[in-house]
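Have a look at the structure below before the remarks.
To find a chain, count down the sequence lines: A is the first, B the second, and so on, and within it residues start at 1.
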There are 4 protein chains.
Amino acid sequence: MRHEKVDMIFQAAVEVFAESGFDQAKMDDIAQMAGVAKGTIYYHFKSKEELFAGLINEGIEKLIEYANRHIESVEEPVAKIQHLIKAHVLFFIHHAKLAKLLLNEAFGTKERQRHFRGKIREYITLIEKVLIEGKEKGDFNINHTLETASAIFGAASVIVLQKLYHAEDHEVAEMEKDLPSILETLDALLIKGIVDVTEL
Amino acid sequence: MRHEKVDMIFQAAVEVFAESGFDQAKMDDIAQMAGVAKGTIYYHFKSKEELFAGLINEGIEKLIEYANRHIESVEEPVAKIQHLIKAHVLFFIHHAKLAKLLLNEAFGTKERQRHFRGKIREYITLIEKVLIEGKEKGDFNINHTLETASAIFGAASVIVLQKLYHAEDHEVAEMEKDLPSILETLDALLIKGIVDVTEL
Amino acid sequence: MRHEKVDMIFQAAVEVFAESGFDQAKMDDIAQMAGVAKGTIYYHFKSKEELFAGLINEGIEKLIEYANRHIESVEEPVAKIQHLIKAHVLFFIHHAKLAKLLLNEAFGTKERQRHFRGKIREYITLIEKVLIEGKEKGDFNINHTLETASAIFGAASVIVLQKLYHAEDHEVAEMEKDLPSILETLDALLIKGIVDVTEL
Amino acid sequence: MRHEKVDMIFQAAVEVFAESGFDQAKMDDIAQMAGVAKGTIYYHFKSKEELFAGLINEGIEKLIEYANRHIESVEEPVAKIQHLIKAHVLFFIHHAKLAKLLLNEAFGTKERQRHFRGKIREYITLIEKVLIEGKEKGDFNINHTLETASAIFGAASVIVLQKLYHAEDHEVAEMEKDLPSILETLDALLIKGIVDVTEL
DNA sequence: CATGAATGAGGCTTCATTCAT
DNA sequence: TATGAATGAAGCCTCATTCAT
């Protein structure tokens with residue numbers, strides 16, 4: 001297990017970065033929220049950038065793991081992409097702070113953001129893999145798999161974010177009541193565009 | 001026509017803000033790029049925030065106008081939503097800097113960003129209106145119009161942004177060659193999920 | 001008569017300088033309050049300093065004239081110093097803004113303030129002259145005439161200023177109701193310390 | 001004992017503020033004179049205003065304490081007011097910088113100055129208390145105690161300030177040679193106006 | 001390992017002054 | 001005479017980072 005203080009710093013950092021964005025987040029605030037001295041952060045992390053990078057990396061890796069876990073036992077392509085979308089939505093709802101961070105900081109020309117996009121690309125590639133698999137099995141009818149994967153990522157992310165921002169104080173519990181309408185919408189909107197209708 | 005210097009400032013500001021994001025953008029750089037003294041910016045804009053806000057507002061308004069112009073002469077719902085999506089993609093490609101800004105700065109909890117989300121909401125409402133119209137005409141089969149509109153916005157935006165970031169130095173001319181695959185993808189992915197298949 | 005606009009600038013300047021002090025007074029505010037363009041001020045005055053200096057000089061000169069007018073027909077020393085003090089108090093009440101300025105800006109090491117102190121010294125010298133006259137006539141018993149003049153200036157000024165600040169929105173009309181207690185106080189406090197009691 | 005650097009900052013601040021006034025004093029100068037980095041000041045004080053406020057508050061409190069110490073063992077009213085005035089003069093001479101600051105910045109409409117006037121009012125109230133006490137004992141003959149207190153404050157302050165400014169480079173040692181004439185003047189001028197002459 | 005006082009580079013903003021019209 | 005858009009020097013303040021304890 002990681003050092004206890006490192007965990008507290010990580011938790012506090014997610015909170016503060018999500019609240020303020022990278023630039024406006026203050027190391028003082030992270031230290032205070034983590035209950036450690038500012039110097040302690042620098043004992044464990046080389047810089048603000050590195051702390052943030054660690055955060056995002058770990059976040060996206062968790063997302064990838066989470067998504068993988070949700071689809072590994074599913075064989076049927078349509079069910080698989082549905083599970084993947086559901087996993088995405090669930091993860092964003094349960095890790096709202098991280099979700100905000102991802103969309104907030106994923107775009108931009110700074111070196112840091114370039115790195116994140118690479119990481120996000122990993123995740124989008126995961127989506128693409130499912131699409132390709134379905135295509136090869138003859139269940140999906142997709143010409144541009146990478147573009148489609150991006151579009152799915154965008155659709156699923158923004159739909160959740162909109163809900164999240166619409167009522168910022170929603171507890172996760174409350175957010176869950178939005179889950180059905182979100183999933184239903186994505187299902188209705190995206191699936192028909194993916195599956196090979198000649199099959200139906 | 002607005003004052004000449006104000007226009008130069010606006011142009012420079014889009015450039016610099018898009019390049020660096022709000023926080024890392026320097027007023028010095030904007031002034032230099034605009035070819036005016038720093039004080040001149042402050043003669044016309046009260047603050048960095050206000051300059052930025054003006055930019056975004058004008059940007060989204062242009063986007064809304066542009067979209068409206070592209071659908072006003074179209075009656076048939078499916079064609080209308082297709083035209084809308086095409087307009088969105090074209091606008092994002094032709095105003096790449098602004099597009100980056102929108103996605104970069106639209107999320108976050110700062111007051112400024114809250115204001116932008118309100119403005120973006122206006123645009124999403126425009127999308128929704130087209131959806132509702134098609135639904136009322138019996139051509140669309142959609143349960144959650146607002147959610148669907150958000151998802152469409154997300155899908156269309158992210159797909160373009162991914163391309164944009166993939167090769168940052170692409171000239172618009174080059175970007176245009178990506179246009180067909182983007183539109184084809186969105187068309188294939190989204191339209192079937194919107195139209196009422198029982199009609200076909 | 002002075003140029004109309006110059007007068008308006010002067011009036012506005014008194015207002016603004018009194019409200020904010022020299023440093024925080026903004027030429028913009030003076031221009032606006034005077035109803036002229038900022039450039040117009042610079043057409044008539046070389047700088048902020050010069051405008052201010054002109055103001056103060058004119059103010060103190062007015063005070064000196066005013067005081068002189070009030071004592072020129074008085075021969076008897078005790079009556080003369082009483083008239084002088086009364087004139088001082090009346091002037092400060094009727095030119096509250098200027099009074100504030102005088103006390104506000106009379107102290108300090110800046111060159112400008114050095115100049116004002118010289119001007120104020122002129123006025124204090126006027127007080128001293130009355131004291132010396134009374135002393136020579138054998139009516140006053142004073143050892144240090146300059147010090148005494150300073151003390152009288154301080155006593156009379158601060159007592160009015162305290163009233164002025166105590167209720168800043170007092171109209172002159174209302175201030176006048178404070179006049180008796182102020183004069184009575186100064187009379188009781190200062191006169192006995194000036195006159196030669198052996199005479200009584 | 002307060003932290004060492006805070007003391008150095010305080011000392012430097014008195015120096016610089018007294019020399020230039022609040023507005024023209026530069027935080028850079030204070031830092032340099034204190035021998036600390038500019039950031040260090042901001043580590044200990046939230047702003048220029050707060051630093052200044054702390055200074056003035058502490059200064060007036062010191063003045064009040066000093067005055068109290070000088071009168072606490074004195075019972076007889078005339079002696080008491082004489083001791084008070086002497087304490088005032090001594091304090092102003094020994095803390096010339098602070099004295100300048102007090103008169104320089106005590107008048108004005110800025111919030112900050114309003115606060116100081118409140119603090120100065122505390123001190124004037126101390127003077128008034130002595131007057132009231134003497135009046136109740138039947139030794140003083142005063143109608144308006146608050147006005148009289150203000151006038152005494154003004155007389156004593158301005159007389160010292162005039163001397164201070166007259167020769168700005170006077171060492172304290174030299175200033176002390178002015179002490180007798182100042183005290184003698186104030187004594188002659190003010191005391192007779194306070195005491196009940198019917199008693200004599 | 002942990003602390004928090006200290007640092008100083010860097011950015012936003014203000015405003016007296018100028019000058020072309 | 002009068003204007004007001006433009007200027008740029010200068011100052012306050014922030015905050016990531018360091019380092020002695």
Whichever of C:Lys46 and B:Ser47 has the more 5' nearest nucleotide on DNA chain E, that residue is B:Ser47
From C-beta outward on A:Thr40, which listed nucleotide comes closest to its side chain: E:dG8, E:dA2, E:dT13? E:dA2
Nearest-angstrom distance from the residue atom CZ of B:Phe52 to P of E:dT13: 14 Å
Compute the centroid of each ring, for A:Phe10 and then for A:Phe17, and state whether the two points are separated by less than 6.0 Å. no
Are any of the side-chain nitrogens in B:Glu122 or B:Lys119 under 4.0 Å away from the carboxylate oxygens of its partner? yes
Judged by each residue's nearest nucleotide on DNA chain F, which is more toward the 5′ side, B:Val36 or D:Met27? B:Val36
Can you measure B:Leu51 atom CG to E:dG11 atom P for me and round it to whole angstrom units? 17 Å
Rounded to the nearest Å, what distance is computed from the CD atom of residue B:Glu4 to the P atom of nucleotide F:dA6? 8 Å
DNA chain F nearest-nucleotide lookup for A:Gly39 and A:Lys26: closer to the 5′ end is A:Lys26
Choosing from F:dG8, F:dT17, E:dT14, which nucleotide comes nearest the side chain of B:Tyr42? E:dT14
Specify the separation, in whole Å, of atom NE2 of A:His44 and atom C1' of F:dT17. 16 Å
Mind checking who E:dA20 pairs with, Watson-Crick or G-U wobble, both distances under 3.5 Å? F:dT3
Does A:Ala25 reach a base, just sugar-phosphate, or nothing at all? Heavy atoms under 4.0 Å. sugar-phosphate
Under a 4.0 Å N-O cut-off, is there an ion pair linking C:Glu19 with C:Lys100? no
Can you tell me, in whole Å, how much space there is between the P of E:dC1 and that of F:dT21? 23 Å
Between C1' of F:dT14 and CZ of D:Phe45, the distance in whole Å: 18 Å
Rounded to the Å, how far apart are B:Asp23 CG and E:dG10 C1'? 14 Å
Between atom CD in C:Gln24 and atom C1' in E:dA16, what is the gap in whole Å? 15 Å
Hey, is the main chain of B:Lys46 close enough, under 3.5 Å, to the side chain of B:Glu50 for a donor-acceptor pair? yes
Integer-rounded Å distance: E:dA16 P and C:Ile41 CD1: 10 Å
Answer yes or no: side-chain N or O of A:Lys48 and base N or O of F:dT17 forming a donor-acceptor pair under 3.5 Å. no
Would you indicate, yes or no, if E:dT3 has its OP1 or OP2 atom less than 4.0 angstrom from a side-chain nitrogen or oxygen of A:Lys5? yes
Does B:Phe22 offer a backbone N or O that forms a donor-acceptor pair with the side chain of B:Lys48 under 3.5 Å? yes
When you get a sec, tell me which of F:dG8, F:dA2, F:dG4 is the closest nucleotide to the side chain of C:Tyr43? F:dA2
Counting side-chain heavy atoms from C-beta on, which of E:dC15, E:dT13, F:dC12 comes nearest to D:Asp28? F:dC12
Side chain A:Thr40, main chain A:Ala37, donor-acceptor under 3.5 Å: yes
Assess whether one donor atom and one acceptor atom, taken from the side chain of A:Lys38 and the base of F:dT17, lie less than 3.5 Å apart. yes
